[in-house]
*Asks:* 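If you scroll down you'll find the structure; I have some questions about it.
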Amino acid sequence: MDRNLSLITPTGRLTLGNYLGALRRFVAAQDDSSPYACFFGLSDLHALTTPQDPDVLRATIAEMATLFLAAGLDPARATLFRQSQVPAHRDLAYLLECTAYTGELNRMIQFKEKGRGVPSTRVSLYTYPALMAADILLYRPSVVPVGDDQRQHVELTRDLAIRFNHTYGPVFVVPEVRTPASGARVMDLQEPARKMSKSIENDSGVIRLLDPPDVVRRRVARAVTDSDTGPDAVRPDRDAKPGVTNLLDILDACGGSADGITTYGALKSAVTEAVVATLEPVQKRYAELAADPAYVASVFADGSARAREVTASVLADATAAMGL
Ligand code: TYM
């Protein structure tokens, strides 16, 4: 049985990138596994690594929890939980901080980009990969489905698990990273050299899961391409044609095809149609679920209780192995 685990951080409203790179894959994993083999969570503790307004954070968590269900995750098949409601995450994070090296954390791209050298960077942004490793190792998953940008963190997790097992005995399963064939790195439509991010201030190049069709159409229509007008202008080339390549990747991930398309106008129409069709069922279910926030909260409360049960023995094993 393939146990899958992954989390998403509530630091902004979910984007098409989060959906294609992660959330949609969680649903596929749930559907391919035996009941309760999958654990998917909101990494709300991770949200605090950067400043958040408490009211906005609460609203973001509620929306994201609802979107997990709207996307098709089913509490009868997968365990849905909140990291902050499972204290073992914090406990194991400390133990793993006692095994990780500063040299390893200094190499993390996300820390380098978001905080290194800035005096007001929160300490937790630096130690974040140890908490993320705890998130994973507590559940002994064999597979961690993520987008490409999280690969480095999962690889560090593997290194920490291997070192821990070698030093203290075989406590952890060493997990495998799994990224999708298309949609693993959806780029910003305005700045295709940068990944589409849910927590960016100028979000004119971002498509959110709950964006209505007219917003999707406008954003895709304004997506940056290039001035190539040749007969083979519509072709993938990450370096020379990042904008066009991104649109092709989105089209593919949303089930469309670029066969026979030769102009950027036609490409953008096809992308709009495919994205709108992909988002529509999620938005429909979201509208129904949003009417019942107590139900959504109860699903995550029940899932968190189950996560507390599952993780207790792993934490106990790790603690004992270290001599405490
Ligand atoms: P986060 O919240 O930034 O992103 C959530 C998931 O979405 C994927 N993703 C993307 N995929 C494709 N294109 C994009 N533009 C794009 N942007 C984001 C991410 O790769 C991720 O899979 N630290 C993690 C959350 C986390 C986690 C974990 C993940 C906490 N603990 C344990 C796996 C296992 C994060 O901030 O992801």
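Along the sequence shown, residues are numbered consecutively beginning with 1. Here the structure is a predicted model, which means the values were calculated and not measured. Read the numbers this way: they start at 1 and go in the same order the structure lists the ligands and their atoms.
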*Asks:* Looking only at protein heavy atoms, which one is nearest to atom 4 (O) of ligand 1, and what is the separation?
*Replies:*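 Among all protein heavy atoms, the one nearest atom 4 (O) of ligand 1 is N18 ND2, 3.5 Å.
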*Asks:* Take L279 and V275 through the side-chain contact (heavy atoms from CB on, under 4.5 Å) test and state the conclusion after the steps.
*Replies:* CA-CA 6 Å; L279 301 189; V275 171; 4.0 Å; yes
*Asks:* Looking only at distances, can you tell me whether any N or O atom of D135, backbone or side chain, sits closer than 3.5 Å to an N or O atom of ligand 1?
*Replies:* yes
*Asks:* What residue and atom, counting heavy atoms only, is the protein's closest point to atom 34 (C) of ligand 1, and at what distance?
*Replies:*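 Answer, as residue, atom name and distance: I136 CG1, 3.5 Å.
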*Asks:* Check side-chain hydrogen bond (donor to acceptor under 3.5 Å, both in side chains) between R116 and all other residues, then give those that pass, not counting sequence neighbours.
*Replies:*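 Expected list: none.
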*Asks:* Would you say ligand 1 has an N or O under 3.5 Å from any N or O of L5?
*Replies:*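 Such a contact does not occur with ligand 1.
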*Asks:* Hey, does T9 come in under 3.5 Å of ligand 1, counting only N/O atoms on both sides?
*Replies:* yes
*Asks:* Which protein heavy atom lies closest to atom 37 (O) of ligand 1, and at what distance to 0.1 Å?
*Replies:*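 Here the closest protein heavy atom is Q150 NE2, 3.5 Å.
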*Asks:* Check the orientation of H153 and Y128. Use parallel for under 30°, tilted for 30 to 60°, and perpendicular for over 60°.
*Replies:* tilted
*Asks:* Are the charged groups of D249 and R185 less than 4.0 angstrom apart, N to O?
*Replies:* no
*Asks:* Within 45 degrees of the axis of the six-membered ring of Y139 and under 6.0 Å from its centre: does R3 put its NZ or CZ there?
*Replies:* no
*Asks:* Check each atom of ligand 1 against the heavy atoms of S43 and keep those under 4.0 Å away; list them by number with element.
*Replies:*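 By the 4.0 Å cutoff, the relevant atoms are 25 (C), 26 (C), 30 (C).
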*Asks:* Please state which protein non-hydrogen atom is closest to atom 25 (C) of ligand 1 and give its distance, to 0.1 Å?
*Replies:*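 In this structure, atom 25 (C) of ligand 1 has L7 O, 3.3 Å as its nearest protein heavy atom.
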*Asks:* Quick check: I8 and ligand 1, any N/O pair under 3.5 Å apart?
*Replies:*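 Checking ligand 1 against I8, no N or O pair falls under 3.5 Å apart.
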*Asks:* Quick test: of every protein heavy atom, which one is nearest to atom 11 (N) of ligand 1, and how far off is it to 0.1 Å?
*Replies:*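 Result for atom 11 (N) of ligand 1: G17 O, 3.1 Å.
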*Asks:* Would you mind checking which non-hydrogen protein atom is closest to atom 6 (C) of ligand 1, with the distance to 0.1 Å?
*Replies:*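 Nearest neighbour among protein heavy atoms for atom 6 (C) of ligand 1, to 0.1 Å: A22 CB, 3.5 Å.
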*Asks:* Considering the heavy atoms of G183, write down every atom of ligand 1 situated less than 4.0 Å from one of them.
*Replies:* 12 (C)
*Asks:* Which of the atoms of ligand 1 are close to A184, meaning less than 4.0 Å from one of its heavy atoms?
*Replies:*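 Answer for ligand 1: 11 (N), 12 (C), 13 (N).
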*Asks:* With heavy-atom distances below 4.0 Å as the criterion, list the atoms of ligand 1 near H46.
*Replies:*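 Here the atoms of ligand 1 in question are 30 (C), 31 (N).
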*Asks:* Using heavy atoms and a 4.0 Å limit, tell me yes or no: is K198 in contact with ligand 1?
*Replies:*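 K198: in contact with ligand 1 (<4.0 Å).
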*Asks:* What's the shortest distance from atom 13 (N) of ligand 1 to any protein heavy atom, and which residue and atom give it?
*Replies:*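 Minimum-distance protein heavy atom for atom 13 (N) of ligand 1 reads V186 N, 2.8 Å.
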*Asks:* Is L20 close enough to touch ligand 1? Criterion: a residue heavy atom under 4.0 Å from a ligand atom.
*Replies:*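 Under 4.0 Å: no for L20.
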*Asks:* Which residue holds the protein heavy atom closest to atom 23 (N) of ligand 1, what is that atom called, and what is the gap in Å?
*Replies:*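 Protein heavy atom with the smallest distance to atom 23 (N) of ligand 1: Y128 OH, 2.4 Å.
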*Asks:* Are the side chain of D148 and the backbone N or O of A184 linked by a donor-acceptor pair below 3.5 Å?
*Replies:* no
*Asks:* Can you check whether Y264 reaches V234 side chain to side chain, under 4.5 Å on heavy atoms?
*Replies:*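 Yes, their side chains come closer than 4.5 Å.
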*Asks:* Give every residue pair that meets the ring pair (Phe, Tyr, Trp, His ring centres under 6.0 Å) criterion with at least one member in residues 171-213, sequence neighbours excluded.
*Replies:* F164-F172
*Asks:* Output yes when R235 and D228 qualify as a salt bridge under the 4.0 Å nitrogen-oxygen rule, no when they do not.
*Replies:*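 Answer for the salt bridge query: yes.
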*Asks:* Hey, does the side chain of E176 reach the backbone of S142 with a donor-acceptor pair shorter than 3.5 angstrom?
*Replies:* no
*Asks:* In plain terms, say whether D302 and R306 are close enough for a salt bridge, that is, a side-chain N and a carboxylate O under 4.0 Å apart.
*Replies:*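 Salt bridge flag = no for R306 with D302.
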*Asks:* For ligand 1, which atoms, with element, lie under 4.0 Å from some heavy atom of G21?
*Replies:*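 Matching atoms, with element in brackets: 11 (N), 12 (C).
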